[in-house]
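Quick caveat, the model's predicted, so the values are computed rather than measured.
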Amino acid sequence: MHVWYNPSAAIDAALRTAAAGIEGLGNDFDPQVRPSDPNFGDFQANGILPRAKSIRTNPRALAQQLVEALSASAALPAAWVNWEIAGPGFINFRLQAPFLSAWLNTYDDAAQHREGAGTLYAGQIVVVDFSSPNTAKQMHVGHIRSSVIGESLARLLAFCGATVIRDNHIGDWGTQFGILILAIKRAGYDPNAGHADPLEDFEHLYKEGSALTKEDPEALEEARRELVKLQNGDPENVALWRAINTASQAAFDAIYQRLGIQFDLTLGESFYRDQVAPVYAELEQTGIARESEGALVVFHPEHERFATQPFIIRKSDGASNYASTDLATVRYRAEELKADRIVYVTDGRQQDHFQQLFLTVEKWFAATMRNCPKLQHIWFGTILGEDGKAIKTRSGAPVRLKVLLNEAEERAYALVSEKAPQLDEAERRSIASVAGIGAVRYADLSQNRTSDYTFSWDKLLSFDGNTAPYLLYAGARIHSIFRKLELSPGQGLEGASALETEAELLLARKLVGFASALEQTLADLRPHLLCAYLYELASEFSTFYNAEKVAVEDPSIRARRLMLCHRTLITLNTGLELLGIQPLERM
RNA sequence: GGGGGCGUAGCUCAGAGGAUAGAGCAGCGGUUUUCUAAACCGUUGGUCGGGGGUUCGAGUCCCUCCGCCCCUGCCA
């Protein structure tokens, strides 16, 4: 019999089938299968209670009928899972040791995990739109959440079978270029002259230009003319604009490389600049958009708020804005990329924008007979400074991402040197890089994305508790066991006896729970649920490690414990990979 | 004014309408002739912001009040 990757899904399916023939339950019965308190079992079905209420019957009697039908169906072999009715009408399920063993024997490497999980979104094309920095500016701490969460979501969706297209929708066509080009020309700055840190220079130049245009109306007018020249294709300005973008991209790539982030496409706003006119035309022809106060806007009369709060898709001066390019971008992704689903990873302040965008796109696509992809705004909370106020990009002193990553690595290096002085410097540097950057990343991912995030060096770089180093350390210990026995991870597992001790069984149960954790993580695209699971797994492993010696004399006991070590390692590494964190063999 | 988010242990945070609200940190007390002590074990700590309601059952849903953050026509 096929060993279910996700036992929760198997129990759910068996209960639905069993319920179909029972009066009062039927085809629409939702058993509400959830992971449960280990005191009660591995999973519990809560669905009987509300149903019994709605049909005015005794919940325990109804549960009894369901349980009898379940037994008769033989969908869940008794050797694998037991169940009982408990309390007012819960049904508790407990996985049996033979199932735990069968599961661990089946899902015995990363490829098997991938195959087990890979049916969820098979055949779907999903565009993940994330990171999205602006050119001519350095990436700062405000970009980290979108970058790190987006990368993790892309990996999670791909792991579950989707064809993922990662698209970096960079801001490379804003009005800031008028001022910047003006300042570059006045300073006689040559962006192609091989400067050490051109982005630093652009930021200084922009500041100068900005100050100048504020005090001198003529300069402001000149900046506008430079912008118009750029938009009209003036060769000199276009060349400058390209140079700025090239230098910016190089700086972005350096950050992305350190973070292990990759994109399939980098189609910035400029890519869509010739695609907005047809959007205006279609939205006007279909009556979705109309003129208001000189701008082209969309109202949604059926919506409480957006009936009066406009979605401005073309400014009164005729220029496009991010609503214009976002609309063109959806069309491109739907028609050219054949996207079934588009996931936008941005901060929560843009919720109104995306709600309006999605409403507009739905109407527009319906009116023009297009299929509308599933559109999701995956938002996250604001990054706050130590003072509890938002870190601003345009004022104050934003923490640059490269500086943050440098400091993370430095602090990690000091710590590694203290804890593992026997390792040579190159290895300590390499460990520090993985652990330091992993810590920064994990600190962000392990927290519910919709919460605000208080930026704090101490918090980001603390290596205590639910952190990346704790997970990495568990993996390093497993490697250490295999090293000590002169085996590679995965070797020495032959002749294993059945799992026996409490610590062994608890660890095995936790390992089987990976699929449920994945399911929960994907449901609302919340990576912190995967983090919580991995932390529990590492913690369960540590308990096992302290309770049971692995390298014992008895070959059958040693083999089964090595098997648990190996499965823990692949699960841990698979999970870390999904978060974008590299595993370590030694630390 | 309208809308969104948040408020849970001293601190940082988890909690899928379900059973006795959980972790980490900090605190207190233990564990190493042993596969990595960046660890493990035990323990202290709660009016889930206040009040009302719906429900067999509410930290979770509804109403209301208080406090903080954010958005709310030409930035993204």
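Side-chain atoms of A/Q447 lie closest to B/A14 of the nucleotides B/A14, B/U72, B/A38.
Spacing between atom CG of A/L525 and atom C1' of B/A16 amounts to 15 Å, rounded to whole angstrom units. Between the CH2 atom of A/W173 and the P atom of B/A76 there is a distance of 14 Å, given to the nearest Å. In this structure, A/D464 places its CG atom 19 Å from P of B/C11, rounding to the nearest Å. Rounding to whole angstrom units, CD of residue A/E548 and C1' of B/C40 are separated by 13 Å. As rounded to whole Å, 14 Å separates atom C1' of B/C75 from atom CZ of A/F177. Rounded to whole angstrom, the span from the CG atom of A/D30 across to the C1' atom of B/G18 amounts to 14 Å. We find that OH of A/Y272 is positioned 16 Å from C1' of B/A76, with the value rounded to whole Å. Taking atom CD1 on A/I11 and atom P on B/A16, their separation rounds to 20 Å, with Å as the unit.
Stacking between A/Y470 and B/A38 is absent: the ring centroid is not both under 5.5 Å from the six-membered base ring centre and under 30° in plane angle.
Both the sub-6.0 Å distance and the 45° axial angle are satisfied by A/R314 relative to the ring of A/Y280. Both the sub-6.0 Å distance and the 45° axial angle are not jointly satisfied by A/R16 relative to the ring of A/F29. Remark: A/R429 is positioned above the aromatic ring of A/Y413, its terminal NZ or CZ atom under 6.0 angstrom from the ring centre and at most 45 degrees off the axis.
Heavy-atom distances under 4.0 Å link RNA chain B to no residue of residues 429-442 of chain A.
Within the nucleic acid shown, A/A532 has no heavy atom closer than 4.0 Å to any nucleic acid atom.
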Could you spell out the base pairing of RNA chain B as a dot-bracket line? Use Watson-Crick and G-U wobble contacts where both distances are under 3.5 Å, [ ] for crossing pairs, | for partners on a different strand. (((((((..((((....[...)))).(((((.......))))).....(((((..]....))))))))))))....

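Between A/Y272 and A/H169, a ring centre-to-centre spacing shorter than 6.0 Å is recorded.
The salt bridge (Lys or Arg N to Asp or Glu O under 4.0 Å) pairs that include a residue from residues 295-311 of chain A are A/E302-A/K363, A/R305-A/D352, where partners are two or more places apart or lie in different chains.
Judged by atom type and distance alone, A/S292 reaches the base of B/G73 through a side-chain donor-acceptor pair under 3.5 Å. A donor-acceptor contact under 3.5 Å is not formed by the side chain of A/T382 with the base of B/C70. In terms of polar N and O atoms assigned as donor or acceptor, the side chain of A/Y473 never comes within less than 3.5 Å of the base of B/A38 in a complementary pairing.
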